[in-house]
Amino acid sequence: MHPHGAIGPLVAALDIGGTKIAGALVDTEGRPVARSLRPTPAGRDGETVMQAVAEVVAELRAAPQWPAAVAVGIGSAGPVDALHGTVSPVNVPGWRDFPLVPRVGEAAGGLPVVLTGDGVAMTAAEHWQGAARGYDNALCMVVSTGVGGGLVLGGALLPGPTGNAGHIGHISVDLDGDPCPCGSRGCVERIASGPNIARRAVESGWLPPAGTEPTAAAVAESARAGDPLAMASFDRAAQALAAGIAATATLVEINVAVIGGGVAGAGPVLFDPLRDHLTRYATLSFAAGVDVVPAKLGTDAGLVGAAAAAAQVLGLAGFVAG
Ligand SMILES: [Zn+2]
């Protein structure tokens with residue numbers, strides 16, 4: 001513990017999404033000690049988006065703690081390409097193969113920069129500070145507008161060569177299922193994302209409570225009240241997630257599946273059927289018995305995880321799960 005505040009190395013973390021660009025200096029206990037935030041000008045050209053990133057970095061450089069910063073960690077909406085240092089976020093059309101790593105390195109005065117996908121960053125955060133802490137083999141997933149994820153295997157984050165490993169949202173669990181925007185069919189995301197939970201409920205005849213929009217949160221509210229159509233849509237999402245988790249457990253032997261994101265906020269109407277379906281899909285002895293738990297870290301998971309992922313890739317002491 002450092003009772004007198006931040007001492008020792010800091011990682012400058014960036015969490016880049018379609019709506020906001022968050023930055024922080026993160027200490028070895030996962031605490032943000034200085035912050036900066038800009039809205040993402042997602043509809044603008046690539047240089048305008050980069051300008052917003054550069055402003056966030058400049059604000060961090062102006063913080064009195066900056067001299068302790070030893071690296072930059074970026075968790076970005078994907079796809080990302082950590083091999084080439086580029087990003088092509090689906091929701092930021094101005095960035096296609098955008099050279100984010102060299103540009104951030106320049107803005108940060110030449111510090112080493114580590115890029116991972118946001119699902120991998122969230123996983124690093126949950127393993128270091130959250131619900132996957134103490135587990136050596138974990139799948140962490142974000143279920144919200146999309147479905148993403150990441151893996152911890154043998155006690156270490158497994159980002160994969162390009163920083164996208166563990167992207168469970170685009171595993172197909174329905175061979176002849178609906179086309180997915182990724183080009184495949186029947187992906188976990190196509191069945192279990194928030195917009196798809198809402199769409200399926202509406203198509204089955206469910207009506208949102210008076211005065212509310214037909215969102216996944218509204219479906220969850222109806223499901224909690226016992227509406228069978230709402231419950232059925234969550235059950236189908238839970239089934240897809242269970243099949244994806246079972247596939248992962250069978251491939252690489254995980255002990256826990258951590259689920260975060262807005263849809264996880266539905267609580268038991270998602271988690272109860274998910275655990276139930278999982279017993280029918282994860283049947284072999286080595287794949288059965290996976291704990292399914294909600295994520296613990298909130299909105300800072302992306303920042304904390306970007307710092308942890310960078311620290312692990314660079315071998316910085318102090319930033320790993322204890
Ligand atoms: Zn897909």
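Order of listing sets the numbers, starting from 1, for every ligand and every atom in it. Keep in mind that the numbers below use all heavy atoms, side chains included, and drop hydrogens, waters and symmetry copies.
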Item checked: Test ring pair (Phe, Tyr, Trp, His ring centres under 6.0 Å) applied to H170 - qualifying residues, sequence neighbours left out ->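 Partners of H170 under the ring pair (Phe, Tyr, Trp, His ring centres under 6.0 Å) test: H167.
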Please check this pair: side chain of [X] against backbone of [Y], looking for a donor-acceptor N/O pair closer than 3.5 Å.
{"X": "N137", "Y": "G154", "result": "yes"}
{"X": "D45", "Y": "T48", "result": "yes"}
{"X": "E55", "Y": "R38", "result": "no"}

Check: For W206 and S233, does a side-chain donor sit closer than 3.5 Å to a side-chain acceptor?
Finding: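 Looking only at side-chain atoms, S233 and W206 do not form any donor-acceptor pair under 3.5 Å.
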Notebook entry, point to check: Any idea which heavy atoms bring M122 and V142 closest together, and the distance?
Noted result: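 M122 and V142 have their closest heavy atoms at CG-CG2, 3.8 Å.
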Margin query: With 2.8 Å as the limit, count the protein N, O or S atoms near the Zn ion (ligand 1).
Written below: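 Considering protein N, O and S only, the Zn ion (ligand 1) has 4 within range.
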